[in-house]
Amino acid sequence: MKQSPEFDIDVDGESFVWKLQRQPAWSSDAAGWRGMAIAVRHKEGQREVVIEFPPGPQRRFGAPLLHASQIAPALVAKAIASAMAAGWEPHSRGKTVTIVVDATGG
């Protein structure tokens with residue numbers, strides 16, 4: 001599987017790197033349809049956060065995959081700010097944290 005490209009983004013004067021972690025997809029182990037997820041880390045930090053979005057409209061069979069470059073930077077920035085507000089500390093050490101946000105990244 002090809003690795004998703006990483007993108008730089010600044011949030012509140014801090015530099016982060018993010019990538020598309022998971023495509024929106026059907027999952028038999030969850031409640032069905034799952035939304036996309038992005039992985040984020042501070043450029044100078046080690047601790048990563050996975051930010052999960054709710055499922056949007058289901059893709060039609062044969063529809064092209066979502067590309068990270070199609071995701072609005074404003075949505076990513078808001079999701080990163082929400083993750084920090086929810087307790088993610090990008091400069092701390094420890095396991096990857098998962099934060100669930102709404103469709104607007106809030």
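When reading the values below, keep in mind they use all heavy atoms of this one structure, side chains included, and skip hydrogens, waters and symmetry mates.
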Q: Mind listing the closest non-hydrogen atom pair of D102 and F53 along with its distance?
A: O-CD2, 3.6 Å
Q: Go through the steps for R41 and E6 under the test salt bridge (charged side-chain N to carboxylate O under 4.0 Å, His left out), then give the verdict.
A: CA-CA 10 Å; R41 66 176 168 75; E6 292 187 336; 3.5 Å; yes
Q | Heavy atoms of other groups near D8 CG, more than 12 under 6.0 Å | A | yes
(Q) Donor-acceptor pair, distance only, cut-off 3.5 Å: does the side chain of D10 make one with the backbone of G13? (A) no
Q: Give the minimum heavy-atom separation between A103 and P54, together with the two atoms involved.
A: N-CG, 3.5 Å
(Q) Applying a strict under-4.5 Å side-chain criterion to I, L, V, M, F, W and Y, I'd like to know whether I71 and V50 cluster together. (A) no
Q: Would you confirm whether R22, through its side chain, and G35, through its main-chain N or O, come within 3.5 Å as a donor-acceptor pair?
A: yes
**Q.** Derivation of the side-chain contact (heavy atoms from CB on, under 4.5 Å) call for W88 and V40
**A.** CA-CA 11 Å; W88 173 55; V40 180; 4.0 Å; yes
Q. Are L75 and V17 connected in the hydrophobic side-chain network, where two residues link if heavy atoms are under 4.5 Å apart?
A. no
Q | Atom pair NE2/CD of H91 and E14 - distance to nearest 0.5 Å | A | 4.5 Å
Q) Which heavy atom in E89 sits nearest to a heavy atom in R47, and how many Å separate them? A) O-CD, 3.9 Å
Q. Shortest non-hydrogen contact from G106 to S82?
A. CA-OG, 3.3 Å
Q. What heavy-atom pair brings I51 and A79 nearest, and what distance separates the two atoms?
A. CD1-O, 3.6 Å
Q) From E52 CD over to T98 OG1, what is the distance, rounded to the nearest 0.5 angstrom? A) 5.5 Å
Q) About how many Å separate CD1 of I80 and CD1 of I38, when rounded to the nearest 0.5 Å? A) 5.5 Å
Q. Any side-chain heavy atom of M84 sitting closer than 4.5 Å to one from V49?
A. no
Q. How are the rings of H42 and F16 set to each other: parallel, tilted or perpendicular (split at 30° and 60°)?
A. perpendicular
Q) So which heavy atom on A77 is nearest to which on I9, and how close? A) N-CD1, 3.7 Å
